[in-house]
Amino acid sequence: MKKDIIIPEVENVFIAAVQEWSDDFMEKVWYAYLVNDSDFDIDSVMVVSKAFGTIDGEMKKTSVLRHAFVQVPAVSVVKIEMVEKSLLPLNNEFMLTFFIGNTLYDKKYIFKANSINENNVEEVPILFVDGVIVR
C-alpha cells in the first residue's frame, strides 16, 4: 500500500529571506518571500511559519502564523512576512502546501539558527536582490 503512494517532489519553488529598508522601524529588516521560479502557477497556497530553538540555554518557540494565497503565478514572488530580528538566533521554519493542477505538493523549509545574515546572501532569482535562500 505505501508503495502506491506517490509523493511529488517540489522543484523551483523556495523561500528566500531578503533584507529591506523599513520606514516603520527606521532600519533594515528581513522579510520572507515565497519564490515560484517554475513554469506553473501554484494554487491554494498555504504557508505555516514558526520559530524554535534555544537562547541562553532556554528553549524558545513562537506561535504559529498561517498565510494563504489564492494563486502565485509562474515566475513570480510574494512577500510572506517580516522576520523579527529577535527570531534570527532561532530556527525559522516555513511549511509550504500548494496545488499544481490536481496534484498536492508540500515541503518544509528551515532557516537554521543564525543563518539569516549578510554573510550567507546570494542573488535571489526573479527579485534580483541579495538574500538567503532555502531550497
Side-chain angles (χ1 to χ4, degrees):
M1 291 288 241
K2 283 186 177 181
K3 65 180 176 165
D4 297 329
I5 298 173
I6 298 170
I7 301 172
E9 188 173 329
V10 176
E11 295 178 352
N12 299 320
V13 178
F14 50 90
I15 306 291
V18 175
Q19 198 172 33
E20 298 174 356
W21 177 259
S22 170
D23 288 334
D24 294 336
F25 297 103
M26 297 304 292
E27 67 180 350
K28 285 186 167 184
V29 294
W30 291 94
Y31 288 96
Y33 281 88
L34 170 60
V35 181
N36 179 6
D37 197 19
S38 72
D39 297 331
F40 305 100
D41 294 347
I42 59 177
D43 301 307
S44 303
V45 181
M46 176 69 87
V47 180
V48 179
S49 64
K50 66 180 179 180
F52 59 92
T54 306
I55 297 178
D56 297 330
E58 187 177 338
M59 186 64 179
K60 303 276 187 183
K61 67 178 182 176
T62 65
S63 57
V64 174
L65 298 177
R66 293 172 182 85
H67 308 275
F69 306 99
V70 175
Q71 185 179 65
V72 179
V75 192
S76 69
V77 299
V78 63
K79 188 182 281 190
I80 302 171
E81 66 186 36
M82 183 183 90
V83 180
E84 157 89 45
K85 116 172 95 174
S86 65
L87 301 180
L88 298 179
L90 300 174
N91 296 307
N92 287 272
E93 176 183 291
F94 294 84
M95 185 66 190
L96 173 66
T97 306
F98 61 90
F99 282 91
I100 295 178
N102 291 328
T103 306
L104 177 69
Y105 293 80
D106 70 337
K107 185 169 181 178
K108 185 186 302 184
Y109 300 87
I110 298 178
F111 291 97
K112 299 284 186 194
N114 296 308
S115 67
I116 300 176
N117 64 56
E118 293 177 1
N119 297 327
N120 294 333
V121 297
E122 59 183 282
E123 186 174 69
V124 179
I126 303 169
L127 281 176
F128 302 109
V129 296
D130 287 341
V132 181
I133 300 173
V134 175
R135 291 183 165 88

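Sorted by first and then second residue, the salt bridge (charged side-chain N to carboxylate O under 4.0 Å, His left out) pairs involving residues 111-135 (not counting sequence neighbours) are Glu122-Arg135.
Met46 and Val10 are assigned to two separate hydrophobic clusters, defined by single-linkage of ILVMFWY side chains at heavy-atom distances under 4.5 Å. Phe69 and Val64 are assigned to two separate hydrophobic clusters, defined by single-linkage of ILVMFWY side chains at heavy-atom distances under 4.5 Å. Taking hydrophobic clusters as Ile, Leu, Val, Met, Phe, Trp and Tyr residues chained together by side-chain heavy-atom distances below 4.5 Å, Leu88 does not share a cluster with Leu65. In the hydrophobic cluster analysis, where Ile, Leu, Val, Met, Phe, Trp and Tyr join through side-chain heavy atoms closer than 4.5 angstrom, Leu90 is grouped apart from Met95. The cluster map of Ile, Leu, Val, Met, Phe, Trp and Tyr, joined by side-chain heavy atoms under 4.5 Å apart, puts Val124 and Ile126 in the same cluster.
Atoms CG and CD, on Asp43 and Gln71 in that order, are 4.5 Å from each other to the nearest 0.5 Å. Distance check, rounded to the nearest 0.5 Å: CZ of Arg66 to OG of Ser49 gives 9.5 Å. Going from atom CD1 of Ile110 over to atom CD1 of Ile15 covers 12.0 Å, rounded to the nearest 0.5 Å. A distance of 5.0 Å separates CZ of Phe52 from CD of Glu93, quoted to the nearest 0.5 Å. One finds the CZ atom of Phe14 at 13.5 Å from the OH atom of Tyr33 (value rounded to the nearest 0.5 Å). The CD1 atom of Ile42 sits 10.5 Å away from the OG1 atom of Thr97 when rounded to the nearest 0.5 Å.
Ring geometry for Phe94 against Phe111 counts as perpendicular: the plane angle is over 60°, on a 0 to 90° scale with 30° as the lower cut.
Shown here for Pro125 and Val35, the closest heavy-atom pair between the two residues is O-CG1, 3.9 Å. Across Ala17 and Ile116, no two heavy atoms sit closer than the pair CB-CG2, 4.0 Å. Across all their heavy atoms, Thr103 and Pro8 have their closest contact at CG2-CG, 3.7 Å. Here the closest heavy-atom approach between residue Asn91 and residue Ala113 is recorded as OD1-N, 2.9 Å.
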What side-chain donor-acceptor pairs closer than 3.5 Å can you find for residues 72-80, not counting sequence neighbours?
unit_1, atom_1, unit_2, atom_2, d
Ser76, OG, Pro73, O, 2.5
Lys79, NZ, Glu20, OE1, 3.3

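A side-chain donor-acceptor contact under 3.5 Å links Asn92 to the backbone of Leu87. Of the possible donor and acceptor atoms, one in the side chain of Thr62 sits under 3.5 Å from a partner among the backbone N and O of Ala51. Of the possible polar contacts, none joining the Asp106 side chain to the Leu96 backbone as a donor-acceptor pair under 3.5 Å is found. Proximity of a side-chain donor or acceptor of Asp56 to a complementary backbone N or O of Glu58 within less than 3.5 Å is not detected. Remark: side-chain polar atoms of Ser22 are paired, donor with acceptor, to backbone N or O of Phe25 under 3.5 angstrom.
At most 12 non-hydrogen atoms from other residues, nucleotides or ligands lie less than 6.0 angstrom from CZ of Phe40.
By the 4.5 Å heavy-atom criterion applied to side chains, Tyr105 and Ile100 are counted as neighbours. Counting heavy atoms from C-beta outward, Glu11 and Val13 have side chains that stay 4.5 Å or more apart. Side chains of Lys50 and Val48 form no contact here, defined as non-hydrogen atoms less than 4.5 Å apart.
For the residue pair Ser38 and Asn36, a side-chain donor N or O sits within less than 3.5 Å of a side-chain acceptor on the partner.
Grouped with Trp21 in one hydrophobic cluster are Met26, the linkage being side-chain heavy-atom contacts under 4.5 Å among Ile, Leu, Val, Met, Phe, Trp and Tyr residues.
Ion pairing of Glu27 with Lys85 is present here, as a side-chain N (NZ or NE/NH1/NH2) and a carboxylate O approach within less than 4.0 Å.
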